[in-house]
Amino acid sequence: MKDQKSSSPMTGASILWECLEREGVKHVFGYPGGAILPAYDALKNSKIHHVLVRHEQGATHMADGYARASGQVGVAVATSGPGATNMVTGIATAMLDSSPIVCITGQVGSKLIGSDAFQETDITGVTLPITKHNYLVTHASEVAQTVREAFYVARSGRPGPVLIDITKDAQQTTCPFDWEAAAPQLPGYRPDLSPAPQEYDHALELIHHSKRPVILAGHGIIVSGAMREVRDFAERAGIPVALTLLGLGAFPASHPLNLGMMGMHGEAWVNHTIQEADLLLAFGMRFDDRVTGTLKTYAPNAKKIHIEIDPAEINKNVKVDVALVGDLREVLHELLPRIESIDRSEWLDSIDKLKGDSAVRDIQNLPDSGHLYAAHVINDLWRETREANTIVVTDVGQHQMWEAQYYHHERPRSLVTSGGLGTMGFALPAAIGAKVACPEAEVWVVVGDGGFQMTMCELATMVQENLKIHIAIINNGYLGMVRQWQEFFYEKNYQATPLLNPDFAKLAEAYGIRSMTVSERSQVVPAVQSARKHDGPVLINFKVEQEDSVYPMVAAGAALHEMIRRPSKIVETAADE
Amino acid sequence: MLNTFVVYVENKPGVLTRVASLFRRRAFNIDSLTVGRTEKPEVSRMTITVDADRDQARRIEANLYKLVNVLLVENITNQPSIVRDLAMIRVAATHGARSHVLELASVFRARVVDVSTESLTIEITGGEDKIDGLLEVLRPYGVLEMVRTGIVAMRRGSKSSDAATAVGAVAQETTGDDVSYSV
Ligand SMILES: Cc1ncc(C[n+]2csc(CCOP(=O)(O)OP(=O)(O)O)c2C)c(N)n1
Ligand SMILES: [Mg+2]
């Protein structure tokens, strides 16, 4: 007998949910409206749980956070016109960080397309440059194959966002549903490239001849699931590992070969190591300008091997000597048996010497001056939560960099942050997505007082969904990162960066969220402990030093080794007091 | 230098926009772009010329492949190929000048496709140089109107990449001497 679902006609809307279920979707994040109403009407027959957001940007960040925390495709739903355009920032965020999400938008009836009908926006046109691919569906019969293709494209190869725009009539009309017949047909799509044999030989030759190699570990390691392989590789070859922001967690922070984060706010020894290297092994990273500094003087003596799934990244920013285009995990599987173990203790010792200078400048090593620095908050938070299954979700700004410096990530997907687009307002909704994906995880939001106010409407979503999320506002009274640039490069002309903030405690109260305010270092640990014990979400307002800056810093356009360091004056005053 | 790409794409709505948008977004300047049918109804063929150095050309190719609807990309810049542009040129040709213009047209093996008392309309196909050449000699008579299609191109010889092989083809290519990769 035939499957009942494949014989009786179904509406496009029912087919949509049925296909999402078959793709493994358990949760979607969305907001209804006229053009997507038929889909919402059909939701009642679906096992999928719908999370009602407060703004469609939040839905996309939630889908993104869901994807980054779990590795599964996240789904966001919105209506046409303003609903769809509200998704743009979240889609661009997912695009630049290669995060697999599928966005579903309603569209006006197919007969009305092009007529400037009420709430008509050409969203496939708008999102064309910020999606990996997108679709306009005008017939119910196209729904199934489109959904299958969208999920396949979103999660395969270099992942990314896919948008499906479905006209109202395509949701309403019926057609037979046949899952098998709706298999993806993408004759031009090739996510599964692999390098030729001679390229491996060339790479091995460079690796075995190198005296001062460094692995540059990026997000691709996590996407590919190559943590084990990278570790084996580093250990066998005795090569130290520097990480990008999105690579944090791809290699354990406590590993003796871990150097830490590279780039604009990377530790000084990491950047110096890269500049002095004779070989860079770029694993799933793309030589973003935030990690290279000016290209003119970038790692001038180093040969470069680039292992990367996206051929368009090869030679885009940095000219490389060997490119192994393919899935990182598979490429490392090929390389590993042929890696000779080489004693590089001389190189590793010379790197260790570089660390001493940084230690004396580290604010953690200075006596308690009574001031609360963001670095203290993050470091204490790390100490308290490191043993737990913790996911930290950060926003964008100074607090994001301090988190990257002082929270030492041991596991992949334990940090969720917007790197490529640097989207303020990302943290709270992304954390909601992460918590929905991983309910057993302890989720902490580390967010600035500025960025929090961009998407704080999602507090209501969090409460409505009963999610126990901890929110740490790093409240410096400024758009801190911009203030820092004004301090360094615009003669302290603090235009439009001081913030007048609401009473965050009262705000939390209004949502029924427990809140705490912390302004002394000694209160940090008790507050964190009390938040963890509380049976529900907690917001902690950490009132930190207002004009602290993130050090070191490579100014935009400067060489990677030319860093602005924490001035000794500040170091001394802090120590004197 | 001017690079010529032959690009096979799925014949679906919006694909031309995707290709054009890619060039704009990556800040590559299209010199000409033509698109038309092939022997397979589900495949369209584009000829794109763009000013790019070798490295940029390779990145253009890689970026084109990132478009899901792109089936096959060939950079035929340095390959023996047949390249054709088509132009229609309306040139002022009153009584006295008429025979001269006709003569020039025949030297270039161009055809007269429309005649009026004041002008002649000449159709010419050929490489871009040939058409530039004809234009050059016609200019003194007064070019009243001109339209060119932009080039279409095809590789010479038996190594044809028909639309059929474009469907599902995997291009294994090694370019450059200092860096090799598969795309
Ligand atoms: C949506 C958006 N708008 C503007 C910026 C530019 N920007 C980068 S960091 C920053 C300041 C962030 O301030 P806050 O959230 O208080 O964090 P802090 O730097 O103080 O830790 C701004 C405005 C951005 N990244 N994203
Ligand atoms: Mg701030």
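Here is the naming used below: chain letters follow the sequence lines, and residue numbers restart at 1 for every chain.
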According to ring-ring contact (aromatic ring centres under 6.0 Å, His included), who are the partners of A:Y152, at least two apart in sequence or on a separate chain? A:Y189
What pair of heavy atoms forms the shortest contact from A:A203 to A:I305, and how long is it? O-CD1, 3.6 Å
Can you check whether anything in residues 122-144 of chain A gets within less than 4.5 Å of chain B, heavy-atom wise, and list it by number? A:L128, A:P129, A:K132, A:H133, A:N134
Test: B:E74 and B:R155 ion pair at under 4.0 Å: yes
Contact origin within B:V70 toward chain A - heavy atom pairs under 4.5 Å: backbone
Across all chains, not counting sequence neighbours, the side chain to side chain contact (heavy atoms under 4.5 Å, CB included) partners of A:L421 are A:A92, A:T93, A:L96, A:S418, A:T423
Any salt bridge linking B:D85 with B:R148? Criterion: basic side-chain nitrogen under 4.0 Å from a carboxylate oxygen. yes
Less than 4.0 Å between a side-chain N and a carboxylate O, is that true for B:D55 and A:K319? yes
Please flag which part of B:R25 lies under 4.5 Å from any non-hydrogen atom of chain A: side chain, backbone, both or neither. side chain
What donor-acceptor contacts under 3.5 angstrom involve side-chain atoms of residues 86-93 of chain B, with partners at least two apart or in another chain?
| unit_1 | atom_1 | unit_2 | atom_2 | d |
| --- | --- | --- | --- | --- |
| B:R90 | NE | B:E145 | OE1 | 3.3 |
| B:R90 | NH1 | B:T121 | OG1 | 3.2 |
| B:R90 | NH2 | B:E145 | OE1 | 3.2 |

